[in-house]
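Here's the structure, in structure tokens; my notes come after.
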Amino acid sequence: MTTRQGGFRGWAADRKRGLSRLRFTSLRLRLVVVFGLVALTAAVSASGIAYWLNREAVLTRTQDAVLRDFQQEMQNRAGALPEHPSQDELQHTAGQMANSSQRFSVLLVAQDATGKTVYGNSGGLNGFSLRDVPASLREAVNRQQKVTSANKSPYHLYWQRVVDDGTPYLVAGTKVIGGGPTGYMLKSLEPEAKDLNSLAWSLGIATGLALIGAALLAQAAATTVLKPVHRLGIAARRLGEGKLDTRLRVSGTDELADLSRTFNNAAEALEKRVADMAARDDASRRFVADMSHELRTPLTAITAVTEVLEEELESEAGGIDPMIEPAVRLVVSETRRLNDLVENLMEVTRFDAGTARLVLDDVDVADQITACIDARAWLDAVELDAERGIHAYLDPRRLDVILANLIGNALKHGGSPVRVSVRESDDSVVIAVRDHGPGIPEDVLPHVFDRFYKASASRPRSEGSGLGLSIALENAHIHGGDITAANSPEGGAVFTLRLPRDASELAGKSDEGETSEGEAT
């Protein structure tokens with residue numbers, strides 16, 4: 001049953017891909033349609049012209065032969081009749097005329113000696129009668145014309161094509177010159193019509209074959225033209241995926257070959273540009289990392305001195321001159337700030353270089369939050385709403401960095417009390433940090449996680465470096481989580497941290513960690 005379902009699904013997928021290739025927006029289908037329309041137009045036009053020319057040729061040839069034979073019979077046989085023949089004479093002559101090589105029906109009309117109109121019918125075609133002759137033709141035949149130098153006969157031969165019950169006929173009439181009967185002829189054109197129908201079917205089949213041939217030719221042409229375009233599309237997608245060494249094989253000297261060369265040149269230039277940018281970026285990261293490492297040595301010494309100065313400031317003996325006490329306090333404050341900035345820069349450098357790793361452990365989230373708050377003496381300003389027993393497999397140090405930055409940011413820029421709540425879902429842990437301050441301005445919300453971003457440009461020397469929230473977000477991302485910022489409908493800002501319950505699924509992230517400490521900024 002499984003195999004049958006798999007086969008059906010595969011067939012359905014192949015059919016869907018086939019239909020997608022034949023969608024009307026497809027260039028291949030449009031080429032086939034255009035080729036087909038052009039071929040259909042040309043074939044129909046050629047077939048129509050050929051049919052019309054052959055039709056006229058066949059009908060004219062038959063018509064000329066019949067009219068010539070009829071006119072000859074009228075002159076030889078009808079002309080030999082007396083001026084006022086009897087009906088028997090007309091009947092006999094009509095039969096003789098009908099036996100000519102063209103086999104047409106004849107009707108002779110005359111007046112006998114008493115002035116009575118008599119008719120002679122060859123008897124064919126269910127009795128050819130005067131009713132079968134169009135009135136316009138009878139009128140033209142009986143109309144006497146003036147004899148002139150240009151017109152030497154008062155009567156002429158007239159003919160007309162008619163259709164009766166779907167069968168075409170040729171009807172003709174003329175009058176014997178010098179007195180005598182009027183003769184009419186009826187000739188069936190059904191054999192010629194059948195020949196013309198056969199010709200029409202042949203031309204129709206030829207048109208269909210031409211259309212099929214044009215479609216096959218269009219398919220072949222489309223394949224020839226679109227194959228390089230398809231390769232170009234695949235190469236462009238690979239280039240978009242970051243495979244900058246992608247190149248097209250160039251063959252020929254046509255426009256498609258020029259397009260392939262242009263693509264290769266553009267890809268080569270892009271690869272060189274990206275390589276240069278990557279080199280500059282690596283150099284910049286190395287510079288920041290080297291600078292941070294170089295700063296740590298003098299900072300260690302300066303920090304030790306500032307600790308001594310700070311102890312002197314706090315001593316009751318008053319070992320610091322009151323005149324220089326503000327300067328000493330500024331040095332201590334700025335040294336601590338500089339030390340935090342260097343540590344943060346080193347952490348950012350590790351994220352940019354992709355060398356940051358996780359050291360995973362089974363963590364009780366509530367205990368971890370309590371330890372973070374207690375270590376920074378925030379117990380009086382933070383409310384914790386978290387049940388013990390919610391465990392997750394995370395990096396405790398990096399979780400501490402995230403919590404310290406989020407809670408410290410809420411205490412610094414929001415309003416007390418800050419409330420930290422924890423809830424769990426099927427595969428993640430959600431930690432919300434909410435303050436009771438004025439909230440975050442709408443124009444600031446999209447930038448709160450940007451590096452070195454500060455909402456107030458008038459306070460460029462605030463205690464924070466503008467890296468804390470960015471580092472928190474990077475630590476959440478390395479766990480496979482995320483942090484979002486919003487304003488609570490009840491007032492204040494809310495930062496929501498969502499982390500997976502088990503970050504060990506991130507392959508290659510759980511080996512050796514770093515020894516540096518990340519502080520709240």
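The ring-ring contact (aromatic ring centres under 6.0 Å, His included) test applied to His391 returns no partner, not counting sequence neighbours.
A donor-acceptor pair under 3.5 Å links the side-chain atoms of Asp395 to the main chain of Val359, judged by distance alone. Of the possible polar contacts, none joining the Asn475 side chain to the Ile402 backbone as a donor-acceptor pair under 3.5 Å is found. Of the possible donor and acceptor atoms, none in the side chain of Thr60 sits under 3.5 Å from a partner among the backbone N and O of Ala57. At least one donor-acceptor pair under 3.5 Å links the side chain of Asn54 to the backbone N or O of Ala50. Between the side chain of Asn409 and the main chain of Asn405, no donor-acceptor pair closer than 3.5 Å is present.
Salt-bridge check for Arg261 with Asp258: passed, with a basic side-chain N closer than 4.0 Å to an acidic carboxylate O. With salt bridges taken as basic N to acidic carboxylate O contacts below 4.0 Å, none links Glu268 and Arg247. Electrostatic pairing of Arg376 and Asp400 counts as a salt bridge here, judged by a charged N lying under 4.0 Å from a carboxylate O.
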Requested in this report: Check the pair Thr496, Ile483 against side-chain contact (heavy atoms from CB on, under 4.5 Å), reporting the backbone distance first and the verdict last.
Outcome: CA-CA 5 Å; Thr496 304; Ile483 305 176; over 6 Å; no
Side-chain donor-acceptor pairs under 3.5 Å in residues 198-214, sequence neighbours left out?
unit_1: Ser198; atom_1: OG; unit_2: Lys194; atom_2: O; d: 3.1
unit_1: Ser202; atom_1: OG; unit_2: Ser198; atom_2: O; d: 2.9
unit_1: Thr207; atom_1: OG1; unit_2: Ser47; atom_2: OG; d: 2.9
unit_1: Thr207; atom_1: OG1; unit_2: Leu203; atom_2: O; d: 2.8

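Note that CG of Leu189 and OG1 of Thr167 are 10.0 Å apart. Values are rounded to the nearest 0.5 Å.
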